[in-house]
2 protein chains.
Amino acid sequence: MNIMKKTNSDPTPVYYKLQKILQNEIERGRWSPGEKISPERSLAELHRVSINTVKKAILNLVHEGYLYRIQGKGTFVAGTTLRSESLRYYRLLSDFKDDEAHLKVKLLELKIIKCFRPANHYLDLDLNEDLYEIKRIFSSSENPIVYTISYLPQKMFENLSEYPITLFEKTTLYEALEKNYGLPTIYNHELFGAVKADAETAKKLEIPKGTALQFIEMISFTYRDRPYEYRRSYCNSDQRKIFREI
Amino acid sequence: MNIMKKTNSDPTPVYYKLQKILQNEIERGRWSPGEKISPERSLAELHRVSINTVKKAILNLVHEGYLYRIQGKGTFVAGTTLRSESLRYYRLLSDFKDDEAHLKVKLLELKIIKCFRPANHYLDLDLNEDLYEIKRIFSSSENPIVYTISYLPQKMFENLSEYPITLFEKTTLYEALEKNYGLPTIYNHELFGAVKADAETAKKLEIPKGTALQFIEMISFTYRDRPYEYRRSYCNSDQRKIFREI
DNA sequence: GCTCATTTGTTCGTATGTATC
DNA sequence: TGATACATACGAACAAATGAG
């Protein structure tokens, strides 16, 4: 009996079953981001359904960000849905003029440390597991604006330390991780707060200790709600504000 | 000649034309939020197109948040897309426990003032126009957490001062404005920063002057990208963080 | 520049199922 | 129960974009 058929005992629509089958295959990495999936007609034949049913399943996955389509070329697996580095996603405003800054990234440090609270909680790890700690400074015309510390589970990113520095300075972290480990970023959580600069942060940002700083904690998730990065950012929002849209 | 027809000189798809016609009617207030629009069949007949074409137009508007559908009942105009008060949309976290606070709102002041910089810029007004200024405190178990000052164009909200206090304390501002003025909130812009508490804010939040505060500026937009509220919020993020998802 | 096969995009018609009142 | 309205599913035809030859 055809598992695709809608029956009384299983009223799930056919298009929805197909949609979930495809979603599953994408998440399990049958195709990497950017790769072309089978054309509509093949899928229709394979699963013995109409082309319009395949269309509906695929279009839903396009809406959910799993796929994108190009007329005449095909249907492709989408990569990272967040198109740019989170820190660039926030536009920096100086005063009220929309003077968008071009940020330069500098890698300060990359080492392996033991997991700690609350990173273990956010990254769903045990306290005895290893983490990469990546410290970076984002500057605008020689002025340090943002100091970030990223934590990545060591077991998810083997050999990360052996990649060239440029991996962390030329491309965004998102692109780098997607390209080298096939992990697209599906969504982020963020925690916002205000703190006064401690000694280390003040030194890195070249500001007086005690300055009010915008503090952003971010947790990035890939498929299946799996967290893969915990990041702390300290932004010198003096004279600047951080902009975003809901 | 039928304007709906797709021709060589106008290759715009029929479903898209219909979609834009409907979007326009919604934005111009032909139906209020919650009201039922014409059924598929009628629209198909009226515009001389197939039901499937109408479906496509409508489903796109559903995806964009203009409409929602209930099988067997009809298709309805969606109201505010931001489902809850922005300040409640942010979950407050104390430390790392997900202790979601229930916030109580208190109206401190409602008066009419002259427009000022930068409100004129954000609300697209002249400097000589009038603004409502609404000051509110959000508290969690008697502790003031957030101090907000909202600015609304006087000309968009006639008689606002005559509404009962409960309008600003019982329901969210979004719901109140949608219900009384038929203005749904389509999206928000936000500016984040960190500031040290000035004298007035410190007093309102019952904290020492100079405490690091989370500062959020928000501009709310209704249909056609028309701004209708500029809001400044000062959050005492000491011990708490503000949470959101992208 | 052209043609052709492939692939997605649009539009229609039609039938049947299901939820609401 | 019947009328109304949306949901699912199939089939078919043609348009439009792409890439190969």
Side-chain angles (χ1 to χ4, degrees), chain A residues 1-23 26 31 34-78, chain B residues 1-23 26 31 34-78:
Chain A
M1 172 173 159
N2 193 337
I3 200 181
M4 274 314 198
K5 286 287 161 287
K6 190 167 133 184
T7 64
N8 275 8
S9 52
D10 178 11
T12 316
V14 178
Y15 78 84
Y16 191 75
K17 282 189 211 153
L18 178 55
Q19 182 182 327
K20 286 303 167 185
I21 287 172
L22 291 172
Q23 182 181 328
I26 293 166
W31 306 280
E35 204 172 330
K36 184 170 165 310
I37 73 167
S38 322
E40 288 175 344
R41 279 183 170 76
S42 321
L43 288 172
E45 265 184 65
L46 176 62
H47 295 97
R48 314 298 195 88
V49 296
S50 128
I51 248 192
N52 284 320
T53 304
V54 174
K55 250 188 205 328
K56 175 139 190 170
I58 287 181
L59 287 181
N60 282 344
L61 290 171
V62 169
H63 274 297
E64 292 180 9
Y66 284 92
L67 297 171
Y68 62 94
R69 321 190 81 189
I70 302 174
Q71 184 176 152
K73 287 187 78 170
T75 304
F76 305 85
V77 173
Chain B
M1 174 174 155
N2 193 337
I3 198 179
M4 275 314 200
K5 286 287 160 287
K6 192 167 131 185
T7 63
N8 275 8
S9 52
D10 178 10
T12 315
V14 177
Y15 77 86
Y16 191 76
K17 281 188 212 152
L18 179 54
Q19 181 182 329
K20 287 302 168 187
I21 288 173
L22 292 173
Q23 181 183 329
I26 294 166
W31 307 279
E35 205 174 332
K36 185 168 163 316
I37 72 166
S38 323
E40 287 176 343
R41 274 189 230 291
S42 322
L43 289 172
E45 266 183 63
L46 175 62
H47 296 97
R48 316 296 198 88
V49 296
S50 126
I51 278 206
N52 285 322
T53 304
V54 175
K55 240 186 207 339
K56 177 141 188 168
I58 288 181
L59 286 180
N60 283 344
L61 291 172
V62 169
H63 274 296
E64 291 179 11
Y66 284 92
L67 297 171
Y68 62 94
R69 320 191 83 189
I70 301 175
Q71 183 176 153
K73 287 188 79 170
T75 303
F76 306 84
V77 173

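Per chain, numbering begins at 1; letters A, B, ... match sequence-line order.
In this structure, B:N60 places its CG atom 11 Å from P of C:dT11, rounding to the nearest Å. Between the CD1 atom of B:I51 and the P atom of D:dC10 there is a distance of 19 Å, rounded to whole Å. Residue A:K36 contributes atom NZ, which lies 12 Å from atom C1' of D:dG19 at whole-angstrom precision. Per the geometry, OH belonging to B:Y68 stands 15 Å off C1' belonging to D:dC6, to the nearest Å. One interatomic measurement links the two molecules: CD of B:E40 to C1' of C:dT14, which rounds to 14 Å at whole-angstrom precision. A:I58 places its CD1 atom 11 Å from the C1' atom of C:dT7, with the value rounded to the nearest Å. Atoms CG (A:L59) and C1' (D:dA9) sit 15 Å apart, rounded to a whole Å. The CD atom of B:Q71 sits 14 Å away from the C1' atom of D:dA9 (whole-angstrom rounding).
With sequence neighbours excluded, no residue forms a side-chain hydrogen bond (donor to acceptor under 3.5 Å, both in side chains) with A:Q71.
The side chain of B:T53 has C:dT11 as its nearest neighbour among D:dC6, D:dC10, C:dT11. Listed candidates were C:dT11, C:dT10, D:dC6. Nearest to the side chain of A:K55 is C:dT10. In this structure, the nucleotide among D:dA7, D:dT8, D:dA15 sitting nearest to the side chain of A:Y15 is D:dT8. For B:R69, the listed nucleotide lying nearest its side chain is D:dA7; candidates were C:dT8, D:dC10, D:dA7. In this structure, the nucleotide among D:dC10, C:dC12, D:dA5 sitting nearest to the side chain of B:R41 is D:dA5.
The side-chain heavy atoms of B:L43 and B:L22, taken from C-beta on, include a pair separated by under 4.5 Å. For the pair B:K17 and B:H47, the minimum side-chain heavy-atom distance is 4.5 Å or more.
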Side-chain atoms of residues 52-60 of chain A: list all donor-acceptor pairs with protein atoms under 3.5 Å, sequence neighbours left out, distances to 0.1 Å.
residue: A:K55; atom: NZ; partner: A:E40; partner atom: OE1; Å: 3.3
residue: A:K55; atom: NZ; partner: A:E40; partner atom: OE2; Å: 2.7
residue: A:N60; atom: ND2; partner: A:Q19; partner atom: OE1; Å: 2.9

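Between B:K73 and C:dA19, a side-chain N or O to OP1/OP2 separation shorter than 4.0 Å is absent.
Here B:K56 lies in heavy-atom contact (under 4.0 Å) with sugar-phosphate atoms only. If you check every strand for non-hydrogen atoms under 4.0 Å, B:I70 touches sugar and phosphate atoms only.
Within a 6.0 Å sphere centred on CD of B:E35, other residues, nucleotides and ligands contribute more than 12 heavy atoms.
When each of A:T75 and A:N52 is assigned the nucleotide of DNA chain C bearing its nearest heavy atom, the one mapping closer to the 5' terminus is A:T75.
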